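Everything numeric here is computed off the predicted structure, so don't read it as measured data. Throughout, numbering of the chain's residues begins at 1 and tracks the sequence.
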Amino acid sequence: MEWKPAQFDVSGYPPDLVLTNNLDVDPDFVDNFARCARWCADGSSFLVQCENRSFQLFNIRTQLSAHHKRTFSQSSAVVNFAWYPGASSNNAPAYCFVASVRDCPVKLLDASDGRLRASYPIIDHRERFIAPHSLAFNLTADKLYCGFEDAIEIFDIQQPGEGDRLPTTPSKKSKDGLKGIISSIAFSSSYDYYAIGSLTPSSQAMDNIALYSESSQAAIMPVGGADSHSGVTQLKFNPTKPHILYAAFRRHDAIYAWDLRSDTSVPVKVFKAAPGPRKTRTNQKIEFDIDYAGRWLSVGDQDGCVSVFDLEDSDELDVIGCVAFHPLRSNLLSISGSRHFDEDMREGDSNSSDEDSTDQESDSESQNIIAVSTRRPLPYVKDSSLKLWSFEPTRTVQHA
């Protein structure tokens with residue numbers, strides 16, 4: 001039976017809300033909420049990491065009601081979790097997940113009843129358990145990679161116990177390598193390498209994303225160039241284009257993409273939704289996802305909105321400078337465009353930035369002086385389109 005990826009129609013009507021449910025009430029933690037949720041491999045259930053030191057499992061084969069939930073309480077705060085690759089409620093041996101719980105070894109838990117199958121301890125120099133911030137299985141699902149401060153612990157799944165430690169920096173004082181907490185690990189689906197990211201902010205002297213070879217466990221190359229200097233919160237490869245790497249950063253509302261076949265010091269694309277009403281950015285980790293066909297990227301924001309980006313859209317995107325509702329019809333008008341200057345055109349010209357040019361023009365007008373610079377480059381516009389959007393309940397989608 002041939003497998004075909006699901007098709008998503010985002011060109012017509014908004015998606016329908018087909019199911020709503022809530023977490024189980026915890027009388028000891030009335031403000032409980034979900035940190036993140038992830039589907040198992042066959043989509044028969046999803047697991048929710050909760051704020052109240054627990055997991056809740058939802059089976060979606062029947063209507064969701066209280067008796068179709070399972071709650072797996074933990075002794076301390078949950079840091080992260082990952083499904084075992086191929087996990088399915090129809091395959092009992094594979095129906096499990098690993099969990100990082102504070103002050104505990106990494107746990108391999110049965111998803112049917114929450115019982116402990118195995119444990120994988122990470123111990124520091126004071127003989128305390130380390131709860132890793134990132135968890136990832138390799139492509140063959142026989143190794144578990146756990147990221148924590150300045151190192152990755154690699155476990156053989158079939159042999160519980162201590163693993164092999166891979167330092168990401170030579171020493172605490174060294175400026176080489178990747179320093180800080182390894183917050184994300186992602187494996188390419190077709191190549192020998194994997195990507196790791198650090199919560200330590202990047203700088204001109206140090207990037208906070210690097211590629212590693214799984215066969216040699218050696219660093220291959222750094223990845224950088226994002227205009228965000230924040231710490232990395234998530235990395236993910238495109239499922240059907242394994243040379244494309246995506247990254248999200250702490251307190252930053254853009255997602256960056258790199259083509260690892262070319263220059264890894266410059267992102268090839270940036271995905272950024274229209275800014276919401278809140279001006280401050282949340283410290284909460286916001287995860288994005290990519291569908292299995294590698295076509296759509298989706299991410300939420302702190303304003304309660306979900307954005308969907310077409311990864312096959314090669315058109316240039318620009319600032320949406322203004323929107324306006326039609327006074328009588330269910331229509332919305334949007335206009336795009338802004339001034340852009342190439343970095344190489346600006347090089348050596350300190351007066352070519354948008355802010356500087358505005359200040360100079362104001363000064364010149366006040367002094368009745370016209371300043372002309374032959375070195376100043378002309379700005380260009382990526383997109384100057386006007387779009388009319390219909391929100392009629394009985395609308396018919398038309399394509400120009």
Would E312 and K241 satisfy salt bridge (Lys or Arg N to Asp or Glu O under 4.0 Å), going step by step from the backbone distance to the final call? CA-CA 11 Å; E312 294 185 359; K241 297 177 181 177; 5.3 Å; no
Could you check whether the rings of F46 and F58 sit parallel, tilted or perpendicular, using 30° and 60° as the cut-offs? parallel
Do S213 and S216 have a side chain donor and acceptor closer than 3.5 Å? yes
Is any side-chain N of the basic residue among D103 and R128 closer than 4.0 Å to the acidic one's carboxylate O? no
Under a 3.5 Å cutoff, is there a donor and acceptor pairing between the side chains of D142 and Q158? no
For D150 and T168, which I'm curious about, is there any donor-acceptor pair between the side chains at under 3.5 Å? no
Can D26 and N52 be counted as having a side-chain donor-acceptor contact under 3.5 angstrom? yes
If you count heavy atoms of other groups shown closer than 6.0 angstrom to CZ of R102, is the number above 12? no
Is it the case that K285 and Q234 place a side-chain donor and acceptor less than 3.5 Å from each other? no
Audit row: Q159, Y120, side-chain hydrogen bond (donor to acceptor under 3.5 Å, both in side chains) steps and yes/no: CA-CA 9 Å; Q159 298 179 359; Y120 307 91; over 6 Å; no
Does the cation-pi check pass for R38 over F81, that is, NZ or CZ under 6.0 Å from the six-membered ring centre and within 45° of its axis? yes
Applying a strict under-4.5 Å side-chain criterion to I, L, V, M, F, W and Y, I'd like to know whether F137 and W83 cluster together. no
Between L166 and Y212, is the side-chain contact (heavy atoms from CB on, under 4.5 Å) condition met? List the steps. CA-CA 11 Å; L166 173 65; Y212 273 69; 4.1 Å; yes
For the backbone of W296 and the side chain of D291, can you confirm whether one donor and one acceptor N or O come within less than 3.5 Å of each other? yes
ILVMFWY cluster, I154 and V98 together (side-chain gap under 4.5 Å): no
Contact summary for Q49 and F55, nearest pair of heavy atoms: CA-CD2, 4.1 Å
When you look at CG of D31, are more than 12 heavy atoms from neighbouring residues, nucleotides or ligands closer to it than 6.0 Å? no
Apply side-chain contact (heavy atoms from CB on, under 4.5 Å) to L211 and L260, showing your working. CA-CA 9 Å; L211 291 182; L260 303 182; 3.7 Å; yes
Using modelled atom types only, decide if a donor and an acceptor are shared between the side chain of S230 and the backbone of R250 within a distance under 3.5 Å. yes
If two hydrophobic side chains count as joined below 4.5 Å and joins carry through other members, does I286 share a cluster with I290? yes
What heavy-atom pair brings A99 and L109 nearest, and what distance separates the two atoms? CB-CD1, 4.2 Å
Does D207 use its side chain to pair, donor to acceptor, with the backbone of I209 at less than 3.5 Å? no
Please confirm whether Y84 and F97 have ring centers closer than 6.0 angstrom. no
Any donor-acceptor N/O pair, N138 side chain to K143 backbone, under 3.5 Å: yes
Between S265 and D263, the two heavy atoms sitting closest are OG-OD1, 2.6 Å
Intermediate values then yes/no, side-chain contact (heavy atoms from CB on, under 4.5 Å), L144 and V106: CA-CA 10 Å; L144 173 64; V106 178; 4.1 Å; yes
Ring centre gap for Y194 and Y145 strictly below 6.0 Å: yes
Passes side-chain contact (heavy atoms from CB on, under 4.5 Å), I152 versus I196? Steps please. CA-CA 9 Å; I152 298 172; I196 64 173; 3.6 Å; yes
Could you verify whether a donor N or O on one side chain and an acceptor N or O on the other, from D110 and Y95, lie under 3.5 Å apart? no
Indicate yes or no: does D124 engage R126 in a salt bridge with an N to O separation below 4.0 Å. no
To the nearest 0.5 Å, atom CD of Q217 lies from atom CG of D164 at 9.0 Å
For the atom pair CD1 (I157) and CG (L108), what is the distance rounded to the nearest 0.5 Å? 6.5 Å
Can V299 be reached from L311 by stepping across I, L, V, M, F, W or Y side chains whose heavy atoms are under 4.5 Å apart? yes
Any donor-acceptor pair under 3.5 Å linking the side chain of S73 with the backbone of S54? no
Around D192, counting heavy atoms of other residues, nucleotides and ligands shown, do more than 12 lie under 6.0 Å from its CG? yes
Has S44 got a side-chain atom pairing as donor or acceptor with S88's backbone, closer than 3.5 angstrom? no
Measure up the F249 and H252 rings against each other and bin them: parallel (under 30°), tilted (30 to 60°), perpendicular (over 60°). perpendicular
For the residue pair P267 and W258, what are the closest heavy atoms and their distance? N-NE1, 3.5 Å
Shared ILVMFWY cluster between I185 and F148, side chains joined below 4.5 angstrom? no
Quick one: do N208 and S198 satisfy side-chain hydrogen bond (donor to acceptor under 3.5 Å, both in side chains)? Show the steps, please. CA-CA 5 Å; N208 55 4; S198 169; over 6 Å; no
Is the shortest heavy-atom distance from the side chain of P242 to the side chain of S189 under 4.5 Å? yes
Is it true that K236 and D289 have a side-chain N and a carboxylate O under 4.0 angstrom from each other? yes
Carefully, step by step, assess D24 and T71 under the rule side-chain hydrogen bond (donor to acceptor under 3.5 Å, both in side chains). CA-CA 8 Å; D24 287 337; T71 300; 3.2 Å; yes
Take atom CD of E162 as the centre, draw a 6.0 Å sphere, and report whether it contains more than 12 heavy atoms from other residues, nucleotides or ligands. no
Without swapping roles, check the side chain of R117 against the backbone of P93 for a donor-acceptor pair under 3.5 Å. yes
Rounded to the nearest 0.5 Å, how far does CD of E287 lie from SG of C36? 5.0 Å
